[in-house]
Amino acid sequence: MPDYKAPLRDMRFVMEELHNFGAGYERFNLTDATPDVISAVMEEAAKFAGEVLAPLNRTGDEEGCHIDDGVVTTPAGFKEAYHQFVENGWPSMTAPVEFGGQGLPVSLGFVTAEMTGAANYAWSMYPGLSQGCAAAIRAHGSQDQKELYLTKLFAGQWTGSMCLTEPQCGTDLGLTKTRAVPQADGSYQITGTKIFISCGEHDFAENIVHLVLAKLPGAPEGTKGISLFIVPKFLPDASGEVGERNGVKCGSIEHKMGIKASATCVMNFDDAKGFLIGEVNKGLNCMFTMMNHARLGTGMQGLCHGEASYQSALAYAKDRLQMRALSGPAEPDKPADPIIVHPDVRRMLLTMKAFNEGNRALAFYTAQLLDKAHYASDAAERENAEEQLAFLTPICKAFMTETGLEATNHGVQIFGGHGYVREWGQEQQLRDCRIGLIYEGTNGIQALDLLGRKVLMTQGKMLRAFTKEVHVFCKANEGDAQFGEHIKKLSALNAQWGEMTQKIAMKAMQNREEIGSAAMDYLMFSGYVTLAFFWVKMAMAAQKQLDAGTSEEDFYKAKLATQEFYFKRLLPRAQAHVEALESGADNLMQMTAEQF
């Protein structure tokens, strides 16, 4: 199985030639983010991912995690890799200087997360959960809480988790039964059971900071009565170091289809001491900070597995000999031709490549928005960035995991029978990838969030903010001699996006089920159009370099060819989603439950 190698050339293309990260770093006065520093960080991240994490991916899957009386042990080499990760300063890279961080751009952390995730996604979840936990405390915690927990989390000395799901409630958190009873010292006594808690217990760090949703006595019913609490595994002592053990213990770990090296825990809170974060009964608002961070990371998971699968499948397709090319022997000195000559294999490889590189452009675009939300001095710019992030987050999470799964599935198919057995690693990629469509809110829930909350509940404001950007681009480039046809297509789809939304809104006024019946097709249409926008921009950036006489002709010509493939072979799927959603709710809802 080929080793994972971070696609640094394509990453730099997206960062520098498509999105111009450097201009943003200058504008936000991120003086330490010089080109030399960024290059060095990326090279070191690629080295760590390829040389340390990738070799542990298969062994971690085969060994999995172990539990003995509540103590969880991760696979061999995982803890040591984390300690190296901490020693090299990776957890603190994008953290604020006042909490011991290095103050490098948030977007850079997003870029390096692709590398660690593609190399070993199960391992990458441990530091990933900590970043989300820290983000929630930073946004909603008191100053004392920030000073107590953030320095440890950003240093990697402590890790974090988020504890939402319970046996009787997954998506519907209003059914939460975990209770928080106020104590005389201002703390709360937390009692309940949480399930499916990623990285809830492990041997990486000396302490784990759990963020726990619970209800106070007399709290309002449903989600309006949920509060959020910090519940550390070990209570900090007077000096802020690890003190006495808290009343929280891992009851068991799940036996899963994939990501077996990531401990997915049942966590039991038995009169554990917790501390309110944010306001009473506003816990879900606080938790969304962490959930949105996790949703963007989950979207990246689709890209990570798609990229790792593509690298392996491409190498195999160039090496595996089977049959002759239909037009005649491509390599007559060999007994057969490599399978990359066959059109159907190319169809699969190009689908993988088009989704991977398009999703990378989308993911890095959201990384830029994170920079604006964090660093822009203008409040309106920060607010606009946050609204765009809110709109794009469900698209990133759902579309990128759906297409990432498709790409990874193609990787198995290209290997044929060898893809179905363990030795080549493709079946693990497929198993690991599958969870991305489920956790952090299933893709159906993401679709409802996009259409219901982000579009219809804002009367289309969030949608118009993005489609306006696409419209302005199309108007400015509609006369382009080379790309005019594709820009015209993009413009038409962009207009259709708004028209289709209005139709759904009108139908929903008569029947609310129309929203749920349209939501998933609406999200997929949104994803295909969004990637079309970025693919046209990438093609234009590539042509600019070709016109200038670049020495990297193959790289840029591949961009043009992949863009052509996307528009001719993948973008037509958008219209199938339109036809499906416009068929209405009746074909889904007319049968009774007994008729199924």
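Computed from a predicted structure; not experimentally measured. We count residues from 1, following the sequence as given. Values reported hereafter were calculated over all heavy atoms of this structure, with side chains retained and with hydrogens, waters and symmetry mates removed.
- Within 6.0 Å of CZ in Phe196 there are 12 or fewer heavy atoms belonging to other residues, nucleotides or ligands.
- Checking side-chain atoms of Glu307 against main-chain N and O of Gly302 turns up no donor-acceptor pair under 3.5 Å.
- Across Cys169 and Asp172, no two heavy atoms sit closer than the pair CB-O, 3.1 Å.
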### Task
Given salt bridge (charged side-chain N to carboxylate O under 4.0 Å, His left out), test Arg58 with Glu427 step by step and report yes or no.
CA-CA 11 Å; Arg58 179 178 170 186; Glu427 64 88 31; over 6 Å; no

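- Taking the six-membered ring for Trp, Phe364 and Phe110 have ring centres at least 6.0 Å apart.
- In this structure, His410 has its ring center at least 6.0 angstrom away from the ring center of Phe355.
- A salt bridge links Asp10 to Lys559: one of the charged nitrogens lies within less than 4.0 Å of a carboxylate oxygen.
- Of the possible donor and acceptor atoms, none in the side chain of Gln413 sits under 3.5 Å from a partner among the backbone N and O of Thr408.
- Taking the six-membered ring for Trp, Phe85 and Trp123 have ring centres closer than 6.0 Å.
- Remark: Asp344 pairs with Arg347 by the salt bridge (charged side-chain N to carboxylate O under 4.0 Å, His left out) rule, at least two apart or across chains.
- With hydrogens and angles disregarded, no donor-acceptor distance shorter than 3.5 Å links the side chain of His418 to the backbone of Trp424.
- The only member of His305, Lys256, Met257 that meets side chain to side chain contact (heavy atoms under 4.5 Å, CB included) when paired with Arg431 is Met257.
- Ionic pairing of Glu114 and Arg360 is present here: one or more N-O contacts between side-chain nitrogen and carboxylate oxygen are shorter than 4.0 angstrom.
- In this structure, Lys233 pairs ionically with Glu201, as a charged nitrogen and a carboxylate oxygen lie closer than 4.0 Å.
- Considering only heavy atoms from C-beta on, Phe399 comes within 4.5 Å of Leu531 through its side chain.
- Ion pairing between Glu62 and Lys260 fails under the 4.0 Å rule for side-chain N and carboxylate O.
- A donor-acceptor pair is defined here as one N or O able to donate and one able to accept, closer than 3.5 Å; such a pair exists between the side chain of Gln311 and the backbone of Lys5.
- With a 6.0 Å radius and a threshold of 12 heavy atoms from other residues, nucleotides or ligands, Arg573 has its CZ atom above the threshold.
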### Message
side chain to side chain donor-acceptor pair (under 3.5 Å), that's the test. Do Asn268 and Thr193 meet it? Break it down for me.
### Response
CA-CA 5 Å; Asn268 297 317; Thr193 296; 3.1 Å; yes

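- Residues Leu211 and Phe229 fail the side-chain proximity criterion, which asks for heavy atoms closer than 4.5 Å.
- For Tyr126 and His202, the distance between ring centers is under 6.0 angstrom.
- Annotation: ring pair (Phe, Tyr, Trp, His ring centres under 6.0 Å) contacts of Phe13 (sequence neighbours excluded): Phe555.
- Between Cys250 and Ser252, the shortest heavy-atom distance links the atoms SG-O, 3.3 Å.
- We find the CG-CZ distance between Leu448 and Arg453 to be 9.0 Å, quoted to the nearest 0.5 Å.
- Using modelled atom types, one side-chain atom of Gln426 and one backbone atom of Ser309 make a donor-acceptor pair closer than 3.5 Å.
- With hydrogens and angles ignored, the 3.5 Å screen pairs no side-chain donor or acceptor of Thr442 with any backbone N or O of Ile438.
- Counting only residues at least two apart or on different chains, the salt bridge (Lys or Arg N to Asp or Glu O under 4.0 Å) pairs with a member in residues 153-171 are Glu166-Lys194.
- A perpendicular orientation is assigned to the rings of Phe533 and Phe466, their planes being inclined by more than 60° (bins at 30° and 60°).
- Looking at every heavy atom in both residues, Asn285 comes nearest to His140 through O-NE2, 4.0 Å.
- Residues Ala134 and Leu150 come closest through the heavy atom pair O-CD2, 3.5 Å.
- Glu254 places a side-chain heavy atom less than 4.5 Å from the side chain of Val266.
- With hydrogens and angles disregarded, no donor-acceptor distance shorter than 3.5 Å links the side chain of Asp432 to the backbone of Gly258.
- Applying the ring pair (Phe, Tyr, Trp, His ring centres under 6.0 Å) rule to Phe567 yields the partners His486; only residues at least two apart in sequence or on another chain are considered.
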### Query
Can you list the steps and then say if Asn207 with Lys152 is a side chain to side chain donor-acceptor pair (under 3.5 Å)?
CA-CA 9 Å; Asn207 202 4; Lys152 296 287 198 302; over 6 Å; no

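- Glu206 is linked by a salt bridge (charged side-chain N to carboxylate O under 4.0 Å, His left out) to nothing, counting only residues two or more places apart in sequence or in another chain.
- The CG atom of Asp270 lies 6.0 Å from the OG1 atom of Thr191; values are rounded to the nearest 0.5 Å.
- Side-chain N or O atoms of Lys215 include one that pairs as donor or acceptor with a backbone N or O of Gly174 at under 3.5 Å.
- Side chains of Thr264 and Ile197 form no contact here, defined as non-hydrogen atoms less than 4.5 Å apart.
- Side-chain atoms of Ser262 never come within 3.5 Å of backbone atoms of Ile259 as a donor-acceptor pair (strictly under, hydrogens ignored).
- Summarising the geometry of Thr393 relative to Leu389, their closest heavy-atom pair is OG1-O, 2.6 Å, with the distance given to 0.1 Å.
- Across all non-hydrogen atoms, the minimal contact from Pro338 to Leu321 is N-CD2, 3.6 Å.
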### Message
Thr73 vs Asp68, test: side chain to side chain donor-acceptor pair (under 3.5 Å). Steps then yes/no.
### Response
CA-CA 8 Å; Thr73 304; Asp68 182 16; over 6 Å; no

### Task
Let me see the working for Phe534 and His19 under ring pair (Phe, Tyr, Trp, His ring centres under 6.0 Å), right down to the final yes or no.
CA-CA 10 Å; Phe534 289 120; His19 294 320; 5.7 Å; yes

Result block: side-chain N/O donor-acceptor pairs under 3.5 angstrom for residues 41-52, not counting sequence neighbours:
residue: Glu43; atom: OE2; partner: Arg12; partner atom: NH2; Å: 3.0

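- Considering only heavy atoms from C-beta on, Leu405 comes within 4.5 Å of Leu437 through its side chain.
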### Gln368 vs Ser107, side chain to side chain donor-acceptor pair (under 3.5 Å): CA-CA, chis, key distance, verdict
CA-CA 6 Å; Gln368 271 196 311; Ser107 56; over 6 Å; no

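- Side-chain contact between Ile226 and Leu173: present, with at least one pair of heavy atoms (C-beta onward) separated by less than 4.5 Å.
- The main-chain N or O of Ala54 is never found under 3.5 Å from a side-chain atom of Asn120 such that the two would form a donor-acceptor pair.
- The shortest distance between side-chain heavy atoms of Leu451 and Leu523 does not fall below 4.5 Å.
- One distance of note links CG of Leu213 with CG of Leu228; it measures 5.5 Å at 0.5 Å rounding.
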